[in-house]
Engineer: 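What follows is a single structure, and I will ask about it in a moment.
All values below were derived from every heavy atom in this structure, side-chain atoms included, with hydrogens, water molecules and symmetry-related copies excluded. Below, chains carry the letters A, B, ... as their sequence lines are ordered, and counting in each starts from 1.
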Amino acid sequence: MSKELTSRAADYSQWYNDLVIKGELADYSAVRGCMVIKPYGYALWENMRDQLDKMFKETGHVNAYFPLFVPKSLFEAEEKNAEGFAKECAVVTHYRLKTDPNNKGKLIVDPEAKLEEELVIRPTSEAIIWNTYKSWIQSYRDLPILVNQWANVVRWEMRTRLFLRTAEFLWQEGHTAHATKEEAIIETEKMLDVYAEFVENFMAVPVIKGIKTPNERFAGAEDTYCIEALMQDGKALQAGTSHFLGQNFAKAFDVQFLNKENKKEFVWATSWGVSTRLIGALIMAHSDDQGLIMPPRIAPLQVVIVPIYKGEESKPVIDDKVASLIKDLKALGISVKYDNSDNARPGWKFAEYELKGVPVRVAMGLRDIENNVVELARRDTKEKKSVSFDGLAGYIKDLLEEIQENIFQRALAFRNENIREANTWDEFVNLLDTKAGFVSAHWDGTGETEDKIKEQTKATIRCIPLNNKQEAGTCILTGKPSTQRVLFARAY
RNA sequence: CGGGAUGUAGCGUAGCCCGGUUAUCGCGCCUGGUUUGGGACCAGGAGGUCGCAAGUUCGAAUCUUGCCAUCCCGACCA
């Protein structure tokens, strides 16, 4: 058939691409490094976005929108941030095209329409936002500012991959301003918790919360907190970050406020973001050789119903029975599609919805109606069974929750099996090469050692886990003393 | 951006080395019919600037050069 998938064992990267494209989440576009998110993929993103948005609002945040363009002079204000992103910025230099006098029907950039100042297309919005905050903040009474923005950003990456790293991607970025350092740190940690809760409870992907080493820190941050997930091929994926920015941006943009004592102070900042990259994490954490596996709580479609017709006269009977089920499911807030299209037979539909990862499939034919049952198939285990039609909607509601829990537990077990301790250099290298996954090891705390390890093994320090156990040990590379283990892995 | 591979209809492909009438086959698509419990069958039909652009040649899918895109390995990757 036309929708053959590459197996994970045969070629993991190809399997991933197959799932994205054949599962109709996204497609390549005419623009280098940019993808088209197709309706099925966008529905998934909408569900993720809606849930996150709700959680942001529950924690006191409001949405706003800032410009796509950042004047270069603003962009360069915070030096480290500017430096960190400089080499992947798209830049607008002109504002007009004109017809090419030498080539009919073609357009050229009008050399007379050069901008006085170049506009950087935001790779992240700290600069434009902090420039704006300057005019919003005078007094401690104006604080905190708890703003989030849903937006697209552009980072001109050399090598792109669908969802995991595209030149343009969708994300949210929270930018908050606080009167005290303590409050900003609490905010940073709070949003990391929100991310972890979302990714684990809704996407069913277990994560490790931690802090990045200075080498891996966000450009312009004092501390970068992150959640790290493990993919089925043993590589780690950074699923979200929350940054404590200190007063760096306040100083760069001169954002000060008068405190209760009528003294000027610089504002404390945080920023935090997750992107469509999470979709990549979702795919690689759960899916199998038959296709995607969507966690019920954010699945674009939770239930699909496939009729098994036998002769024209069976159609109205089945359609009628299905209509009552759809009504019951919708009443319980469950999304459902009745696929009674005539251009594919049941077997084809079964395979198709498995590929798309729909959590629950209902098959119903005359035989079932006679026995007052349906055939229920769950995507996570591919188990099929006959279930009574009575109370079916409630049964499915429970089953969706069970599937959600099951795929989380499955991913959690895999993740936990793939965190291993290494105490010597040989052990460390051997684990990375033979088992992949996270390797927990002692490190002397220096950036140089971290660089050397990266150079020799391609593994990076994913994070220093929060609430890390303190124990004396020696660095696996240098043998210098260490007080705690950190998590290494090869990463996306 | 460096090394390797690939690019022929919506998808997967044969042909390319060794240039020569109308570019092969399967799936999908359209029409009609029979069907429907794991990727249906019969009959008829539509669909191609052979990735793009130059060049060589009487003649280019085939040879040459450049460019573009994708994949793999590097470099890069808050």
Engineer: With sequence neighbours excluded, give me every salt bridge (charged side-chain N to carboxylate O under 4.0 Å, His left out) pair touching residues 382-391 of chain A.
Structural biologist: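 Matches after skipping sequence neighbours: A:D288-A:K382.
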Engineer: State whether the distance check finds a donor on one side and an acceptor on the other, under 3.5 Å, for side chain A:Q290 versus base B:G39.
Structural biologist: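 Under the 3.5 Å cut-off, the side chain and the base do not form any donor-acceptor pair.
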Engineer: Report yes if a donor N or O on one partner sits less than 3.5 Å from an acceptor N or O on the other, where the partners are the side chain of A:K349 and the base of B:G37; otherwise report no.
Structural biologist: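 No pair found.
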Engineer: What integer distance in Å separates A:N371:CG from B:G37:P?
Structural biologist: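 It works out to 17 Å between those atoms.
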Engineer: Less than 4.0 angstrom from a charged side-chain N to a carboxylate O is my criterion; do A:K209 and A:E189 meet it?
Structural biologist: no
Engineer: Need one value for A:R361: base, sugar-phosphate or nothing, where a base atom within 4.0 Å counts as base even if backbone is also close, heavy atoms only.
Structural biologist: base
Engineer: Can you tell me the pairing partner of B:U70 across any strand shown, Watson-Crick or G-U wobble, with both distances under 3.5 angstrom?
Structural biologist: B:A5
Engineer: Determine the contact category for A:G365: base if any of its heavy atoms lies under 4.0 Å from a base atom, sugar-phosphate if only primed atoms, P, OP1 or OP2 are that close, otherwise nothing.
Structural biologist: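 Base contact.
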Engineer: Taking a pair as Watson-Crick or G-U wobble with both distances under 3.5 Å, which nucleotide is matched to B:G44?
Structural biologist: B:C30
Engineer: Do A:Y309 and A:D342 get their side chains close enough for a donor-acceptor pair, meaning under 3.5 Å?
Structural biologist: no
Engineer: Under 4.0 angstrom, heavy atoms only, what part of the nucleic acid is A:D342 near: base, sugar-phosphate, or nothing?
Structural biologist: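 Since a base atom lies under 4.0 Å of A:D342, the category is base.
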Engineer: Tell me: CZ of A:R159 to P of B:G4, nearest whole Å?
Structural biologist: 16 Å
Engineer: For A:D368 and for A:A491, find the nucleotide of RNA chain B with the closest heavy atom, then tell me which residue's nucleotide is more 5'.
Structural biologist: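 Taking each residue's closest nucleotide, the earlier one in sequence belongs to A:D368.
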Engineer: So A:F198 and A:F202, would you call those rings parallel, tilted or perpendicular, with 30° and 60° as cut-offs?
Structural biologist: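 Because their plane-to-plane angle is under 30°, the rings of A:F198 and A:F202 count as parallel.
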Engineer: Between A:Y16 and B:C72, is there a side-chain N or O to OP1/OP2 distance below 4.0 Å?
Structural biologist: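 Checking B:C72 against A:Y16, no side-chain N or O comes under 4.0 Å of OP1 or OP2.
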Engineer: Between B:G38, B:C72, B:G39, which one does the side chain of A:F350 approach most closely?
Structural biologist: B:G38
Engineer: From the list B:C71, B:C77, B:G38, which nucleotide is the closest neighbour of the side chain of A:K384?
Structural biologist: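 It is B:G38.
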Engineer: Whole angstroms only, please: what is the CD-P distance between A:E83 and B:C77?
Structural biologist: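 The distance from CD of A:E83 to P of B:C77 comes to 13 Å, rounded to the nearest Å.
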Engineer: Counting neighbours of NZ on A:K321 that are heavy atoms of other residues, nucleotides or ligands and sit closer than 6.0 Å, is the number greater than 12?
Structural biologist: yes
Engineer: With both distances under 3.5 Å as the test, what is the Watson-Crick or G-U wobble partner of B:C58?
Structural biologist: B:G20
Engineer: Between A:S13 and B:C72, is there a contact of a side-chain N or O with OP1 or OP2 at under 4.0 Å?
Structural biologist: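 A:S13 to B:C72 OP1/OP2: side-chain N or O found under 4.0 Å.
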Engineer: So A:E354, base contact, sugar-phosphate only, or nothing? Heavy-atom distance under 4.0 Å.
Structural biologist: base
Engineer: Return the value, rounded to whole Å, for the distance between atom CG of A:D27 and atom C1' of B:C71.
Structural biologist: 15 Å
Engineer: So which one's nearest nucleotide on RNA chain B is more toward 5', A:M158 or A:W171?
Structural biologist: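 Nearest-nucleotide comparison on RNA chain B picks A:M158.
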Engineer: Donor-acceptor pairs under 3.5 angstrom involving side-chain atoms of residues 229-245 of chain A: please list them, not counting sequence neighbours.
Structural biologist:
from: A:Q232; atom 1: OE1; to: A:R8; atom 2: NH1; distance (Å): 2.5
from: A:Q232; atom 1: NE2; to: A:M284; atom 2: O; distance (Å): 3.2
from: A:Q232; atom 1: NE2; to: A:A285; atom 2: O; distance (Å): 3.4
from: A:Q232; atom 1: NE2; to: A:S287; atom 2: O; distance (Å): 2.8
from: A:D233; atom 1: OD1; to: A:K235; atom 2: N; distance (Å): 3.1
from: A:D233; atom 1: OD2; to: A:Y492; atom 2: OH; distance (Å): 2.6
from: A:Q238; atom 1: OE1; to: A:K212; atom 2: NZ; distance (Å): 3.2
from: A:T241; atom 1: OG1; to: A:H243; atom 2: NE2; distance (Å): 3.4
from: A:S242; atom 1: OG; to: A:T188; atom 2: O; distance (Å): 2.7
from: A:H243; atom 1: ND1; to: A:T224; atom 2: OG1; distance (Å): 2.9

Engineer: What is the separation between atom OH on A:Y309 and atom P on B:G38, rounded to the nearest whole Å?
Structural biologist: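 The distance from OH of A:Y309 to P of B:G38 comes to 17 Å, rounded to the nearest Å.
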Engineer: Which base sits across from B:C76 as a Watson-Crick or G-U pair, both distances under 3.5 Å?
Structural biologist: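 Paired with no nucleotide.
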Engineer: Indicate, with a heavy-atom threshold strictly under 4.0 Å, whether A:F85 touches base, sugar-phosphate, or nothing.
Structural biologist: base
Engineer: Looking at A:R345, I'd like to know whether one of its side-chain N or O atoms comes within less than 4.0 Å of OP1 or OP2 on B:G37.
Structural biologist: yes
Engineer: What's the verdict on ring pair (Phe, Tyr, Trp, His ring centres under 6.0 Å) for A:W443 and A:F428, showing C-alpha distance, side-chain angles and the deciding distance?
Structural biologist: CA-CA 12 Å; A:W443 161 63; A:F428 180 75; over 10 Å; no
Engineer: Counting side-chain heavy atoms from CB outward, which of B:C77, B:C72, B:G37 is closest to A:P346?
Structural biologist: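 Closest nucleotide among those given: B:G37.
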Engineer: Calculate the interatomic distance between A:I318 atom CD1 and B:U36 atom C1'; express it in whole Å.
Structural biologist: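 Checked: the CD1 to C1' distance equals 10 Å.
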Engineer: At under 4.0 Å between heavy atoms, what does A:F169 touch on the DNA or RNA strands: base, sugar-phosphate, or nothing?
Structural biologist: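 Base contact.
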Engineer: When the distance from CZ of A:R490 to P of B:C77 is rounded to whole Å, what number comes out?
Structural biologist: 18 Å
Engineer: Please classify the nucleic acid contact of A:K382 as base, sugar-phosphate, or nothing, using heavy-atom distances under 4.0 Å.
Structural biologist: nothing
Engineer: Look at the side chain of A:R367 and decide which nucleotide, out of B:C76, B:G39, B:G37, has an atom nearest to it.
Structural biologist: B:G37
Engineer: Look at all strands and tell whether A:K80 reaches a base, only sugar-phosphate, or nothing, counting heavy atoms closer than 4.0 Å.
Structural biologist: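 Nothing: the residue A:K80, judged by heavy atoms under 4.0 Å, touches no strand.
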